[in-house]
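Presented below is the structure to which this report refers.
From a predicted model like this one, the values you see are computed outputs, not experimental measurements. The first residue in the sequence is number 1, and the count goes up from there.
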Amino acid sequence: MFDTGLSDIHQLVVHHIGNKIKEEELRLSREASGLDEKTKKVLWKYVKSAFQVPSFFQFQHAVDLDMNPVYTLAREFFRNESDLVSTSSKMAKLLYQASQHPQIRSGELFVIHFDRLNYMGKETQALGLFKSEVKQPFLFTEESQKTIELYSYKGIHPTKVDKACLIFDSDEEEGYQILCVDNRNRGDEAKFWMEDFLGIKTRNTGFTKTETTMALTKQFIETELPEELQIDRTESIDLLNRTANYFKENEQFDQESFSEVVFRNEDISQKFRSFTQERSDVQVSLDEPFDIDQNAVKRKSRIFKSILKLDKNFHVYIHGNREMIEKGVDETGRKFYKLYYEEEQ
């Protein structure tokens with residue numbers, strides 16, 4: 001997704017962010033860090049490993065976008081090419097103010113200016129914010145005249161990113177295009193990176209719409225339909241398989257064709273529409289067609305498990321025709337499934 005040949009890491013500033021509630025220090029660099037070519041190559045591994053999924057966000061604010069401090073700092077930098085040391089120091093202070101949960105770890109904040117960043121064929125300048133919180137152990141050897149000594153140190157693993165944010169100089173008026181991840185925190189302490197510090201929300205791209213619609217469909221099939229229609233597990237699996245196949249085989253999502261292929265029943269289609277409309281936290285309208293993103297399909301298909309679990313004895317994988325499996329109960333009350341097939345492989 002990143003084309004390093006068409007991209008350029010221009011400058012890097014590193015600050016140390018402590019936990020304010022624990023009265024830990026905020027230590028700010030006064031100059032940019034030196035970057036040789038070997039360090040840049042390792043840094044590129046760090047950047048690329050952070051964003052395996054193209055899930056985009058954008059800055060927001062409940063009153064006015066101009067009141068989002070990280071957004072205004074990024075805008076000032078992109079417009080005026082402000083000094084990175086000054087801009088990154090202000091961002092570090094904001095992050096320090098947001099670090100007021102006891103579970104938040106101290107760590108280094110890397111602020112990177114990409115003079116050019118080519119991502120998925122689109123090239124623009126960008127700002128990268130990376131916070132490293134967990135140090136990884138590694139071994140180091142040092143040779144003398146008589147022996148080679150082995151030492152243990154702790155440092156930053158180049159492919160294990162804790163928190164990361166990339167702000168692309170694109171769509172300024174809408175809050176920029178942003179990639180963001182938090183691989184470390186969960187629960188209330190996770191809010192400080194994306195909400196308290198950055199103030200971002202999910203951007204309605206083809207990727208997010210595809211992911212959201214697939215997730216909603218799975219939730220509807222597994223939680224709502226069994227209560228409404230008393231369908232069994234094999235019928236649920238059949239619906240999940242049809243859902244996954246629809247997204248794999250089509251380039252665009254259309255509510256009418258989706259319902260015909262997956263639900264094949266107008267009453268169920270209406271229940272699904274009502275189910276999605278009641279979810280106020282989901283900003284996807286099924287009435288509006290959208291382009292299906294195959295990266296999202298590939299990622300989300302992993303949760304569409306077509307496995308029928310029978311006690312602790314059997315796991316039956318159902319991939320195709322629902323009519324080839326039959327459910328019943330024998331004269332002693334034991335439940336059974338009868339499987340039909342043409343050839344054994």
Side-chain angles (χ1 to χ4, degrees), residues 1-4 7-19 27 29 32-33 35 37-59 70 74 84 87-88 91-92 94-96 98-99 101 103-114 116-120 124-138 153-168 176-187 189-200 202-203 207-208 211 295-296 298-299 302:
M1 295 181 184
F2 290 96
D3 189 333
T4 57
S7 304
D8 178 58
I9 296 177
H10 179 64
Q11 205 172 23
L12 164 71
V13 180
V14 182
H15 305 291
H16 179 84
I17 314 295
N19 185 311
R27 299 196 296 273
S29 294
S33 175
L35 281 176
E37 290 305 314
K38 289 184 178 179
T39 304
K40 280 188 178 183
K41 286 182 179 179
V42 176
L43 196 57
W44 268 120
K45 289 184 179 179
Y46 190 70
V47 172
K48 291 192 289 186
S49 68
F51 305 106
Q52 300 295 321
V53 178
S55 185
F56 281 92
F57 297 80
Q58 64 192 75
F59 286 114
V70 181
L84 185 64
T87 298
S88 65
M91 289 182 171
L94 290 171
L95 181 57
Y96 183 66
S99 302
H101 189 284
Q103 298 300 319
I104 296 173
R105 300 189 184 207
S106 61
E108 283 72 41
L109 174 69
F110 306 155
V111 182
I112 306 172
H113 175 215
F114 299 86
R116 298 185 316 277
L117 184 60
N118 189 294
Y119 182 77
M120 298 178 70
T124 180
Q125 68 170 327
L127 277 175
L129 309 177
F130 299 81
K131 186 173 182 234
S132 173
E133 297 176 334
V134 179
K135 299 295 187 295
Q136 304 290 333
F138 66 93
Y153 291 93
K154 285 190 175 181
I156 299 168
H157 198 290
T159 61
K160 293 184 179 179
V161 177
D162 295 324
K163 292 173 174 60
C165 171
L166 270 180
I167 307 167
F168 296 89
Y176 291 115
Q177 292 197 30
I178 301 169
L179 291 174
C180 190
V181 294
D182 184 347
N183 295 322
R184 181 58 53 184
N185 292 113
R186 298 291 183 269
E189 69 271 22
K191 296 179 180 178
F192 94 97
W193 178 249
M194 292 190 178
E195 296 182 19
D196 300 338
F197 171 50
L198 294 169
I200 58 176
T202 301
R203 191 181 187 91
F207 184 93
T208 56
E211 258 204 339
N295 288 313
K298 184 177 180 180
R299 180 172 183 244
R302 298 169 188 167

- Task: Side-chain contact test, heavy atoms from C-beta onward, threshold under 4.5 Å: evaluate it for Phe51 versus Val161 and give yes or no.
- Result: no
- Item | Minimal non-hydrogen separation, Ser88 against His15, with atom names | OG-NE2, 2.9 Å
- Task: Could you tell me the separation between the CD1 atom of Ile112 and the CH2 atom of Trp44, rounded to the nearest 0.5 Å?
- Result: 8.5 Å
- Query: Where is the tightest heavy-atom contact between Asp162 and Arg184, given as atom of each residue plus distance?
  - Reply: OD1-NH2, 3.2 Å
- Message: What's the separation between atom CZ in Phe197 and atom NZ in Lys163, rounded to the nearest 0.5 Å?
- Response: 11.5 Å
- Shortest non-hydrogen contact between Phe130 and Ala50, atoms and distance: CE2-CB, 4.3 Å
- Task: Apply the test side chain to side chain contact (heavy atoms under 4.5 Å, CB included) to residues Val111 and Leu84: give CA-CA distance (whole Å), side-chain angles for both, the deciding distance (0.1 Å), then the verdict.
- Result: CA-CA 8 Å; Val111 182; Leu84 185 64; 3.9 Å; yes
- Please step through side-chain hydrogen bond (donor to acceptor under 3.5 Å, both in side chains) for the pair His157 and Thr159, ending with a clear verdict. CA-CA 6 Å; His157 198 290; Thr159 61; 3.0 Å; yes
- Message: I'd like to know whether NZ of Lys298 has more than 12 heavy-atom contacts from other residues, nucleotides or ligands below 6.0 angstrom.
- Response: no
- Message: Tell me whether the rings of Tyr176 and Phe59 are parallel (<30°), tilted (30 to 60°) or perpendicular (>60°).
- Response: perpendicular
- With the side chain counted from C-beta on, respond yes when Leu127 and Phe168 share a heavy-atom pair under 4.5 Å apart, and no when they do not. no
- Item | Side-chain heavy atoms of Cys165 within contact of Ile167, under 4.5 Å | yes
- Heavy-atom side-chain proximity of Phe192 to Ile104 below 4.5 angstrom: yes
- Task: For Leu166 and Leu117, run side chain to side chain contact (heavy atoms under 4.5 Å, CB included): C-alpha distance rounded to whole Å, both residues' side-chain angles, the deciding distance at 0.1 Å, then the answer.
- Result: CA-CA 10 Å; Leu166 270 180; Leu117 184 60; 4.0 Å; yes
- Task: Over 60° means perpendicular and under 30° means parallel, so classify the ring planes of Tyr119 and Phe56, tilted if in between.
- Result: perpendicular
- Over all heavy atoms of both residues, which pair between Ser29 and Val13 is shortest? Give the atoms and the distance, please. CB-CG1, 4.2 Å
- Message: Before you tell me yes or no, could you show the steps for Asp8 and Lys40 under side chain to side chain contact (heavy atoms under 4.5 Å, CB included), namely the whole-Å CA-CA distance, both residues' side-chain angles and the distance that decides it to 0.1 Å?
- Response: CA-CA 9 Å; Asp8 178 58; Lys40 280 188 178 183; 4.1 Å; yes
- Rounded distance [0.5 Å steps], CD in Gln58 versus OG1 in Thr202: 9.0 Å
- Query: Considering all heavy atoms of both residues, which atom of Phe114 and which atom of Ile9 are nearest to each other, and what is their separation?
  - Reply: CE2-CG1, 3.7 Å
- Under the side chain to side chain contact (heavy atoms under 4.5 Å, CB included) rule, what do Ser33 and Phe110 come out as? Steps first, then yes or no, please. CA-CA 10 Å; Ser33 175; Phe110 306 155; over 6 Å; no
- Side-chain heavy atoms of Met91 within contact of Val70, under 4.5 Å: yes
- Task: Can you see which heavy atom on Ser99 is nearest to which on Asn19, and at what distance?
- Result: O-OD1, 3.3 Å
- Message: Please evaluate residues Glu108 and Lys135 with respect to the criterion salt bridge (Lys or Arg N to Asp or Glu O under 4.0 Å), reporting the C-alpha separation (whole Å), side-chain torsions for both, the decisive distance (0.1 Å), and the verdict.
- Response: CA-CA 10 Å; Glu108 283 72 41; Lys135 299 295 187 295; 2.7 Å; yes
- Message: Do Val181 and Leu179 make a side-chain contact, defined as non-hydrogen atoms from C-beta onward lying under 4.5 Å apart?
- Response: no
- Please check if atom NZ in Lys41 has more than 12 non-hydrogen atoms from other residues, nucleotides or ligands closer than 6.0 Å. no
- Validation row: Gln177, Arg203 side chains within 4.5 angstrom (heavy atoms): yes
- Query: Do the side chain of Asp182 and the main chain of Met194 share a donor and acceptor less than 3.5 angstrom apart?
  - Reply: no
- Separation of Met120 CE from Asp3 CG (nearest 0.5 Å): 13.0 Å
- Item | Separation of Phe57 CZ from Ile200 CD1 (nearest 0.5 Å) | 5.0 Å
- To the nearest 0.5 angstrom, please state how far the CH2 atom of Trp193 sits from the CG atom of Asn183. 11.0 Å
- Would you check, one step at a time, whether the test side-chain hydrogen bond (donor to acceptor under 3.5 Å, both in side chains) holds for His113 with Gln11? CA-CA 5 Å; His113 175 215; Gln11 205 172 23; 5.2 Å; no
- Query: Are any of the side-chain heavy atoms of Glu133 and Ser106 separated by less than 4.5 Å?
  - Reply: no
